[in-house]
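A short write-up of the structure that comes next.
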Amino acid sequence: MNIMVTGGAGFIGSNFVWYWLGKHPMDRIVVYDALTYAGSLTSLPVNSDRITFVQADILDASTLAAVLDSEKIELIVHFAAESHVDRSITGPQAFLQTNVMGTFTLLEAARARG
């Protein structure tokens, strides 16, 4: 199976990637992450030939569509989010953009592909 993990370089996403690789030895994972303050490539098994990394924003509809198509994604696990609550006090717009509109953009890309 080909799966895409959004926010896959963050704390929860990267732990999910390690878990999935261990439990599903035949699957491929596309990690889709913007690498903001919460993401890091060092938390991923980047030497694995079963992982493809795409650095892109969840709001980028054209890149999402291209990745879903080119990688033949069958399953999406969505962890991309602004998560540090203290940052939402001084910058709430980023939370709305990523958490609400980013999720909407991802859902629309998936819906368009059935």
Side-chain angles (χ1 to χ4, degrees):
M1 182 180 307
N2 296 324
I3 74 169
M4 180 168 76
V5 180
T6 67
F11 178 75
I12 296 172
S14 62
N15 279 283
F16 176 84
V17 168
W18 283 97
Y19 168 81
W20 195 270
L21 288 174
K23 292 289 183 178
H24 303 275
M26 301 303 291
D27 292 355
R28 284 187 51 256
I29 297 178
V30 174
V31 173
Y32 189 100
D33 199 296
L35 290 182
T36 61
Y37 61 90
S40 173
L41 286 179
T42 62
S43 57
L44 292 169
V46 290
N47 294 332
S48 174
D49 60 350
R50 295 171 47 211
I51 289 185
T52 301
F53 177 77
V54 176
Q55 183 174 355
D57 193 301
I58 195 73
L59 291 161
D60 184 346
S62 61
T63 300
L64 273 172
V67 170
L68 291 174
D69 291 339
S70 68
E71 299 293 337
K72 298 175 178 49
I73 300 299
E74 302 167 83
L75 174 70
I76 300 169
V77 181
H78 180 43
F79 294 116
E82 299 290 334
S83 59
H84 291 68
V85 176
D86 56 329
R87 295 173 66 101
S88 71
I89 296 166
T90 58
Q93 185 173 1
F95 282 71
L96 290 171
Q97 287 296 315
T98 300
N99 299 2
V100 178
M101 294 309 298
T103 298
F104 174 75
T105 303
L106 178 63
L107 289 170
E108 284 297 296
R111 186 178 64 81
R113 280 146 193 80

### Query
Taking a hydrophobic cluster as the set of Ile, Leu, Val, Met, Phe, Trp and Tyr residues connected by side-chain heavy atoms closer than 4.5 Å, whether directly or through intermediates, do Val5 and Leu41 fall within one such cluster?
yes
### Message
Show the nearest heavy-atom pair for residues Thr98 and Ala81, with the distance to one decimal.
### Response
CG2-CA, 3.8 Å
### Query
When rounded to the nearest 0.5 angstrom, what distance separates OG1 in Thr63 from CD in Gln55?
11.0 Å
### Message
What's the separation between atom CG in Leu21 and atom CD1 in Ile29, rounded to the nearest 0.5 Å?
### Response
4.0 Å
### Query
Are the side chain of Tyr32 and the backbone of Asp57 linked by a donor-acceptor contact shorter than 3.5 Å?
yes
### Query
Around Leu107, counting heavy atoms of other residues, nucleotides and ligands shown, do more than 12 lie under 6.0 Å from its CG?
yes
### Query
Which distance, rounded to the nearest 0.5 Å, do you find between the CG of Asp69 and the CZ of Arg113?
4.0 Å
### Query
If you look at every heavy atom in Leu68 and Ala109, which pair is closest and at what distance?
CD1-CB, 3.7 Å
### Query
To the nearest 0.5 Å, how far apart are CD in Glu74 and CD1 in Ile3?
10.0 Å
### Query
Can you list the steps and then say if Lys72 with Asn2 is a side-chain contact (heavy atoms from CB on, under 4.5 Å)?
CA-CA 7 Å; Lys72 298 175 178 49; Asn2 296 324; 3.9 Å; yes
### Query
Quick one: do Leu44 and Phe11 end up in the same hydrophobic cluster if we chain Ile, Leu, Val, Met, Phe, Trp and Tyr together by side-chain heavy atoms under 4.5 Å apart?
yes
### Summary
Closest non-hydrogen contact found for Ala9 with Ser43 is O-OG, 3.2 Å
### Query
Looking at Arg50 and Met26, what are the two nearest heavy atoms and their distance?
NH2-N, 4.2 Å
### Summary
Looking only at heavy atoms, the pair that brings Ile51 and Pro45 closest together is CD1-CG, 3.4 Å
#### Entry: Straight-line distance of Thr105 OG1 to Asp60 CG, nearest 0.5 Å
9.0 Å
### Message
Assigning hydrophobic clusters by single linkage (Ile, Leu, Val, Met, Phe, Trp, Tyr; side-chain heavy-atom cutoff under 4.5 Å), is Ile76 placed with Val54?
### Response
yes
### Query
Side chains of Leu64 and Leu106: closer than 4.5 Å at any heavy-atom pair?
yes
### Query
In chain order, what residues pass the ring-ring contact (aromatic ring centres under 6.0 Å, His included) check against Phe16, with sequence neighbours excluded?
Trp20, Phe79
#### Entry: Considering all heavy atoms, the nearest Met1-Asp27 contact
N-OD1, 3.0 Å
### Residue pair Glu82 / Tyr37, side-chain heavy-atom distance below 4.5 Å
yes
### Task
Indicate yes or no: at least one non-hydrogen side-chain atom of Thr52 is less than 4.5 angstrom from one of Val67.
no
### Query
With Asn99, which residues qualify under side chain to side chain donor-acceptor pair (under 3.5 Å), at least two apart?
none
### Task
With side-chain contact (heavy atoms from CB on, under 4.5 Å) as the test, would you mind laying out the steps for Leu35 and Phe53 before giving the verdict?
CA-CA 11 Å; Leu35 290 182; Phe53 177 77; 3.7 Å; yes
